[in-house]
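Just so it is clear, the model here is predicted, and its values are computed rather than measured.
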Amino acid sequence: MKKQILTFAMLTALIVTSCKEKTQKDESVVTTEAVEVKNEDVVTSTLSNKEGKQLEMKFDNSNGTATINFDGETSELKAQR
C-alpha cells in the first residue's frame, strides 16, 4: 500500500512539473558583425538588436583590453592573468 501511494505521489509530481509552461519573452537580436583586424592586433565588432540599439566592441589583444560602448556608456575591461 505504501509503495502504491509513493508511486502515485511521484507520478503526480512528475506530471505537474512537466506540464508547467515557461513563457519567455522572445527578444531577437540581429547580428551585424563588422570585424577589422589591424597591424596593432585590434579587433572591432558591432552588434545591433531589432530596436536599433548598437553594441560596439573593441578588443586590443596586444594590451589585453576590451572596450565596450552601449548607448553612450563606455566600459573598459582588462584581461586577468
Side-chain angles (χ1 to χ4, degrees):
M1 182 69 177
K2 289 183 181 181
K3 286 185 181 181
Q4 290 177 346
I5 293 174
L6 182 60
T7 304
F8 180 72
M10 288 175 50
L11 287 175
T12 304
L14 179 65
I15 291 172
V16 169
T17 57
S18 66
C19 291
K20 289 185 179 179
E21 292 182 22
K22 293 184 179 180
T23 56
Q24 295 179 348
K25 187 177 180 181
D26 185 24
E27 187 173 325
S28 45
V29 174
V30 178
T31 304
T32 306
E33 201 167 319
V35 177
E36 298 176 16
V37 178
K38 297 181 182 178
N39 292 338
E40 300 172 358
D41 205 17
V42 176
V43 179
T44 60
S45 180
T46 303
L47 301 173
S48 62
N49 64 3
K50 65 180 180 179
E51 296 169 354
K53 295 182 179 179
Q54 289 190 345
L55 173 67
E56 298 173 1
M57 299 174 286
K58 179 180 174 184
F59 302 99
D60 188 355
N61 293 326
S62 60
N63 292 334
T65 61
T67 306
I68 301 170
N69 185 0
F70 183 70
D71 281 342
E73 292 185 26
T74 303
S75 298
E76 186 169 318
L77 306 171
K78 294 187 180 184
Q80 296 179 352
R81 293 184 186 200

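The minimum heavy-atom distance linking Phe70 with Gln54 is given by the pair CD1-O, 3.3 Å.
In this structure, the separation between CD on Glu76 and NZ on Lys58 is 9.0 Å, given to the nearest 0.5 Å.
Considering only heavy atoms from C-beta on, Leu77 stays 4.5 Å or farther from Thr65 through its side chain. Put simply, the side chain of Ile68 reaches to within 4.5 Å of the side chain of Leu55, judged on heavy atoms. Residues Thr67 and Thr74 form a side-chain contact, since some pair of their non-hydrogen atoms from C-beta on lies under 4.5 Å apart. Annotation: side chain of Glu73 is not in contact with side chain of Asp71 (no heavy-atom distance under 4.5 Å). Looking at Thr44 and Glu56, their side chains never come closer than 4.5 Å, going by heavy atoms from C-beta outward.
With Asn49 contributing its side chain and Gly52 its backbone, the two residues share a donor-acceptor pair below 3.5 Å.
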